[in-house]
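Supplied in structure tokens, the structure appears directly below.
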2 protein chains.
Amino acid sequence: MRNRSVTYSAEQTFSALADPTRRAVLDLLRHGRQPAGQIAQAFPVSRPAISKHLRLLRRAHLVEERREGRHRFYQLNPEPLKAVDSWLEEYRVFWRANLARLKAFVEAEHEKESAESKGKVHTS
Amino acid sequence: MRNRSVTYSAEQTFSALADPTRRAVLDLLRHGRQPAGQIAQAFPVSRPAISKHLRLLRRAHLVEERREGRHRFYQLNPEPLKAVDSWLEEYRVFWRANLARLKAFVEAEHEKESAESKGKVHTS
DNA sequence: ATAATGCGTAACTATACGGTTACATGAAGT
DNA sequence: ACTTCATGTAACCGTATAGTTACGCATTAT
């Protein structure tokens, strides 16, 4: 059980996620760890470019590096994403509220229609 | 009912969220819409700096501007955050998996202990 | 008409990215 | 020892960002 409770910088996490290539790297790592070179092959940019992306991902603790022989395996670390998830929490209420409002609106429309079909207007 | 189904750029959303000041602006707007000047007063940086932050937030569709007289009210638009939320979905399985594994581990430890206390080892 | 208010934009600076090519370094084969 | 492989780093370029101060432009007040 990993003990050290690291604090993740939201700034580093979000800016790491801001780049499409880096998000794609993470997507790739969802299917398992891979050595740097193989990751690089999956992208149209040069290997050093990927190397720099990996550095940023490392800095944001979104991946972990593990050296084995002359390979460096990269593995997804979802921890900082948990932080993003809980940051989002405060905002979920908004689209939930919107949904609730939409639901209310639709129901009100329905109410109105059925009231009109009965030739009766409901105003409360 | 807002009709146009806009596509939000994950890139713009994440890079907008990468800046602490901008996240703070969003936090502020959670409590209701505010004119640009008042938003600026809440921060130690200059008003034009905030103006530029608001431009980026606008570009990312995270806020909406509404002119009223000489004021420009800014209002939170949570839509792009929904996209972030669903992007996260693919990753939640990871920490859920970790939690499941942790739960299994804890339960196994508990099992083992109670088995030991009975002088009996349970191996399934 | 003139002044004051609210707010964006321009111009400028410093810093960070994202990409490239060239080079450095360490492990593994021969 | 020499070569090859895997990978990071350095140096460089162009562009975006975050901040500043100075300025421009509506809108409202006098």
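The model shown is predicted, which means the values in this text are computed figures rather than measured ones. Per chain, numbering begins at 1; letters A, B, ... match sequence-line order.
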Just how far, in rounded Å, is P of dC17(C) from CD1 of Ile50(A)?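 Those two atoms, CD1 and P, are 16 Å apart.
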Could you pull out the closest heavy-atom pair between Arg58(A) and Val63(A), with the gap in Å?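 Reported closest heavy-atom pair: N-CG2, 3.6 Å.
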Between Asn77(B) and His61(B) (side chain of the first, backbone of the second, donor and acceptor by atom type, cut-off under 3.5 Å), is there such a pair?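 Checking the backbone N and O of His61(B) against the side chain of Asn77(B), a donor-acceptor pair under 3.5 Å is found.
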With rounding to the nearest 0.5 angstrom, report the CG to CG distance, Leu56(A) to Asp19(A).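 It comes to 8.5 Å.
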Protein-nucleotide distance (Phe73(B), atom CZ; dG8(C), atom C1'), rounded to Å: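 In whole Å, dG8(C) C1' lies 17 Å from Phe73(B) CZ.
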When rounded to the nearest 0.5 angstrom, what distance separates CG in Leu57(B) from CG in Leu76(B)?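 That separation rounds to 9.5 Å.
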When rounded to the nearest 0.5 angstrom, what distance separates CD in Glu11(B) from CG in Leu17(A)?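 Reported value, rounded in 0.5 Å steps: 12.0 Å.
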Answer with base, sugar-phosphate or nothing: what part of the nucleic acid does Arg59(B) contact at a heavy-atom distance below 4.0 Å?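 Sugar-phosphate contact only.
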Length of the CZ-P vector between Phe14(A) and dC17(C), whole Å: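 Whole-Å distance recorded here is 16 Å.
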Given dG6(C), is OP1 or OP2 found less than 4.0 Å from the side-chain N or O atoms of Tyr74(B)?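 For Tyr74(B), the contact criterion (side-chain N or O under 4.0 Å from OP1 or OP2 of dG6(C)) is not met.
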Rounded to the nearest 0.5 Å, what's the gap from OG on Ser15(B) to CZ on Arg59(B)? Could you check?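 It comes to 7.0 Å.
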Looking only at the aromatic ring of each residue, does the gap between the centers of Tyr91(A) and Trp87(A) stay below 6.0 angstrom?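 Ring centres of Tyr91(A) and Trp87(A) closer than 6.0 Å.
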For Asp19(B) and dC17(C), give me the distance from atom CG to atom P, rounded to whole Å.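 Distance, rounded to whole Å: 13 Å.
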Give the rounded distance in Å between these two atoms: CD of Glu65(A) and C1' of dG8(D).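 My rounded result for the distance is 9 Å.
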Please report the shortest heavy-atom distance between Arg92(A) and Asp85(A), naming the atom on each side.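 Smallest interatomic distance, heavy atoms only, reads NH2-O, 2.8 Å.
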Of the options dG8(D), dG19(D), dC7(C), whose atoms approach the side-chain atoms of Arg72(A) most closely?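 Nearest to the side chain of Arg72(A) among the choices is dG8(D).
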For the CD1 atom of Ile50(A) and the CZ atom of Arg22(A), what is their distance to the nearest 0.5 Å?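 Separation between the atoms: 10.0 Å.
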Which parts of residues 24-44 of chain B get close to DNA chain D, meaning a heavy atom less than 4.0 angstrom away?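 None - not one residue of the stretch has a heavy atom sitting under 4.0 Å from the strand.
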Check the interface with nucleotides 25-30 of chain C: list each N/O to N/O pair with the protein under 3.5 Å, or write none.
none

Measure CG/Leu56(A) against C1'/dT15(C) and give the value in whole Å, please.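 In whole Å, dT15(C) C1' lies 14 Å from Leu56(A) CG.
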Nearest-angstrom distance from the residue atom CZ of Arg58(B) to P of dT17(D):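 After rounding, the gap between these two atoms is 14 Å.
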What is the distance, to the nearest angstrom, from the CG atom on Leu57(A) to the C1' atom on dG8(D)?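 After rounding, the gap between these two atoms is 15 Å.
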Any side-chain N or O of His71(B) below 4.0 angstrom from OP1/OP2 of dA26(D)?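 Answer no for this pair, as no side-chain N or O of His71(B) is under 4.0 Å from OP1 or OP2.
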Does Arg67(B) make a side-chain N or O approach to OP1 or OP2 of dC7(C) shorter than 4.0 Å?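 Indeed not, no polar side-chain atom of Arg67(B) lies that close.
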Show the nearest heavy-atom pair for residues Tyr8(A) and Ala60(A), with the distance to one decimal.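 Smallest interatomic distance, heavy atoms only, reads CD2-O, 4.4 Å.
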Row check, Phe94(B) ring normal vs Arg30(A) NZ/CZ: under 6.0 Å, within 45°: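 No, cation not above the ring by the 6.0 Å, 45° rule.
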Just verifying a value: how many Å separate Gln41(A) CD and Leu28(A) CG, rounded to the nearest 0.5 Å?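 Here the rounded value is 11.0 Å.
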Side-chain donor/acceptor contact of Lys52(A) with base of dG8(D) under 3.5 Å: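 Between dG8(D) and Lys52(A), which were checked side chain against base, a qualifying N/O pair under 3.5 Å is absent.
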N/O contacts under 3.5 Å, protein versus nucleotides 21-24 of chain D?
none

